[in-house]
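Okay, structure first, notes after.
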Protein chains: 2
Amino acid sequence: MGFKKNRIKLEDIANKLNLSIATVSRALDQNPRVKQSTREKVIQTANDMGYMPNQIAKSLSSGKTNIIGVIIPRYDEPFFIEVCRGIDHYVSTHNYKILISSSRNSFDSEVENLASFERGLVDGIILSPTHETKTFSHIKNVINAGIPVVLFDNIIEEMHGADHVLIDDKKAAFSAVEFFIKKGKKQIAFIGGAKEKKVFKDRFEGYKEALNTYNIPMNQNLILHCNSLDRKSDNIEINSFFNSPQIKPDAVFTCTDNYGLLTMKTLLKLGYKIPEDISVIGFGDLGLADVFVPSLTCVAQPSFEMGQKVAELLINQLSEPENINHQKKVITLDTKIILRESTP
Amino acid sequence: MGFKKNRIKLEDIANKLNLSIATVSRALDQNPRVKQSTREKVIQTANDMGYMPNQIAKSLSSGKTNIIGVIIPRYDEPFFIEVCRGIDHYVSTHNYKILISSSRNSFDSEVENLASFERGLVDGIILSPTHETKTFSHIKNVINAGIPVVLFDNIIEEMHGADHVLIDDKKAAFSAVEFFIKKGKKQIAFIGGAKEKKVFKDRFEGYKEALNTYNIPMNQNLILHCNSLDRKSDNIEINSFFNSPQIKPDAVFTCTDNYGLLTMKTLLKLGYKIPEDISVIGFGDLGLADVFVPSLTCVAQPSFEMGQKVAELLINQLSEPENINHQKKVITLDTKIILRESTP
DNA sequence: CTGTTAGCGCATTCAC
DNA sequence: GTGAATGCGCTAACAG
């Protein structure tokens, strides 16, 4: 039993003032059933003695910790950090804190993290599933255990049993490609990530649909699905893609900002002029899209807002009288294209 | 009193097996003082019944939460995220989790966050002080309350009462500027941030000392201390700095990667060739220093390692028999220059 | 090896 | 208005 020094507790205050613990507790709790003069005395002595309530004891007694658990696939992705900022921003005004952990893009780790949160440490959970996550039962279990879960990004059909927030990836990609087409582009390349990941699949769908809609034949040589997980390898893949002689795109739609920047880097090195010879659109609008020369036109994803929204959904569930028959909510946020120098 | 559904507890298992709660607890706890057959029965039933230990109850009883509180000045700075990754990496192997909160560069908020952690939620605290933080008493208080605190980055003298991890900012800046000088540069510009911030002050000292050492006169027109707090305003400041006609530097040392990238952006727009006309060195080596065209030479700061180290110091304190007369440790990590295209 | 008992610090019901 | 008693779920002495 490790004890934090000689912490002051309610009992100490009670003894000093010849009051009961209950009264001291009530006095500190804004409970009206206590004389004004007593309250003042209690508050005064509490301050003098340097009293700090024990959050753990409070939690055990009250059944709530005022902590929200957040599970993201990785830390080093500005998108997730922005979402976390949004979450933090919202919940902090409701007296909650967030406990962030990373699943490191591993399903097993996601399950582990959930289990750890289920041990009563958090009142609710916000989760962004990994691309390995194909099933929903681990999440369902937590919800059944009485802990609300709200999801964002990368949601698959099976998960529609929980509230979630996402953007319309297909539509967003469609509009970016449509933008190119309307500018007269014919050879539009697509650069995405691992095909198993829902968001990349959807964006690819949007790409295909745009081409279809405008009767532009799809060319497999203009399509790249990066499989690597770090930027260095991405760079290599993208490099060799554009170095292939068969490829002569006049526009590139990339599924992340990083892909967009790496694409521009590669193209510049190859002597292309952007946007004169070729245009590029990225996806996300975080990080340094606006710093690069030329700056990168992007599909802007409302990350911060997504965090706020997902937090709002969770807090709402937490303050509902009882989660009986909670009506599942799906929120789709809008994206928009931010025009910069990489497009005409 | 909000209750999590009908959670299985030790008592339920005990009842079902006609055992005492204590025995069940011991069986689940790897305690050797329990018959093998009993242990197996208990573990089996616990699994069958879907038992999840209540972390809060455990914490109250044991006096430790296995949570480390982390306070950083802001989320949207890759440096801090990297440090957090390092912390997480280290503590997760020691069965700890991290609770991150941001002081939003405000001293008051830092104090608040500390107080909140002092309420018994965390076993130890890792803190990176804001640049507003000029005093140490709020930290001292927490330490006196028996909660170990380890600091990193932006440490001032007064704080030497706590373990901390930092880099030698002055030396790092000195070596970068020395690098320029040895390449024959004479007009070396300095771009830093708010002068109140310790790290910027130290880097400026290093800059001055390098010039001094090599008998190069310092030119006030070549020095910029950015006062803004966001990238957009930084951009404006840097822009107007280089647009001033008096300025003709042949090299620029910047105190962050972002300043470095913004500087290159500005210079490229002005028609400079990098590194032919002018060289640039950034500081940090995070984010997209290697993606930019040209890629940015940097003083590399070992952020992830810093996180690991600071976590190690904290965990060590937590596992010491008693914090009696703990010998304060100061760890200085090495930096190195990563050569890229922005320098000859 | 197992059971009994007594906390951990606070909130809350029920008396007075 | 205030106090005494009970419980939150689990750990850890102390017995046996």
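All chains are named by letter (A, B, ...) in the order of the sequence lines, taking the proteins before the strands, and each is independently numbered beginning at 1. For clarity, every value in this text was computed on a predicted model and none was experimentally measured.
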Checklist entry - Is the F107(A) to H138(A) ring centre distance short of 6.0 Å? => result yes

Checklist entry - Are the aromatic ring centres of F304(B) and H89(B) under 6.0 angstrom apart? => result yes

Checklist entry - Is there a side-chain contact between F117(B) and I147(B) (heavy atoms, below 4.5 Å)? => result no

Check whether any side-chain nitrogen or oxygen of [X] sits under 4.0 Å from OP1 or OP2 of [N], and answer yes or no.
{"X": "S25(A)", "N": "dA11(C)", "answer": "yes"}
{"X": "T23(B)", "N": "dG3(C)", "answer": "yes"}
{"X": "T38(A)", "N": "dT2(D)", "answer": "yes"}
{"X": "S20(A)", "N": "dA4(D)", "answer": "no"}

Checklist entry - Which nucleotide sits closest to the side chain of L60(A): dC8(D), dC10(C), dG7(C)? => result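 In terms of side-chain proximity for L60(A), the closest of dC8(D), dC10(C), dG7(C) is dC8(D).
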
Next on the checklist: If you only use heavy atoms from C-beta on, which nucleotide in dG9(C), dG9(D), dT2(C) is closest to the side chain of V34(B)?
Outcome noted: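 So the nucleotide nearest the side chain must be dT2(C).
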
Measure [atom1]/[X] against [atom2]/[N] and give the value in whole Å, please.
{"X": "K64(A)", "N": "dG9(D)", "atom1": "NZ", "atom2": "C1'", "result": "19 Å"}
{"X": "L121(A)", "N": "dC10(D)", "atom1": "CG", "atom2": "P", "result": "14 Å"}
{"X": "D12(B)", "N": "dC10(D)", "atom1": "CG", "atom2": "P", "result": "9 Å"}
{"X": "L10(B)", "N": "dC10(D)", "atom1": "CG", "atom2": "P", "result": "4 Å"}

Checklist entry - Hey, can you pull the residues of residues 44-56 of chain A with a non-hydrogen atom under 4.0 angstrom from DNA chain C? => result Y51(A), P53(A), N54(A)

Next on the checklist: Considering every strand and a 4.0 Å limit on heavy-atom distances, what is the contact class for L19(A): base, sugar-phosphate, or nothing?
Outcome noted: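 The residue L19(A) makes sugar-phosphate contact but no base contact.
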
Item to check | Distance, nearest 0.5 Å, that separates NZ of K64(B) from OG of S59(B) | outcome: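 One finds 9.0 Å between NZ of K64(B) and OG of S59(B).
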
Item to check | side-chain hydrogen bond (donor to acceptor under 3.5 Å, both in side chains) partners of R74(B), counting only residues at least two apart | outcome: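 side-chain hydrogen bond (donor to acceptor under 3.5 Å, both in side chains) check on R74(B) returns D76(B).
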
Pick out the pairs of N or O atoms, protein on one side and nucleotides 14-16 of chain D on the other, that lie under 3.5 Å.
from, atom 1, to, atom 2, distance (Å)
dC14(D), N4, R33(B), NH2, 3.3

Checklist entry - Which residue, A57(A) or R39(B), contacts DNA chain C at a nucleotide closer to its 5' end, judged by nearest heavy atom? => result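 Looking at the nearest nucleotide for each, R39(B) comes out on the 5' side.
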
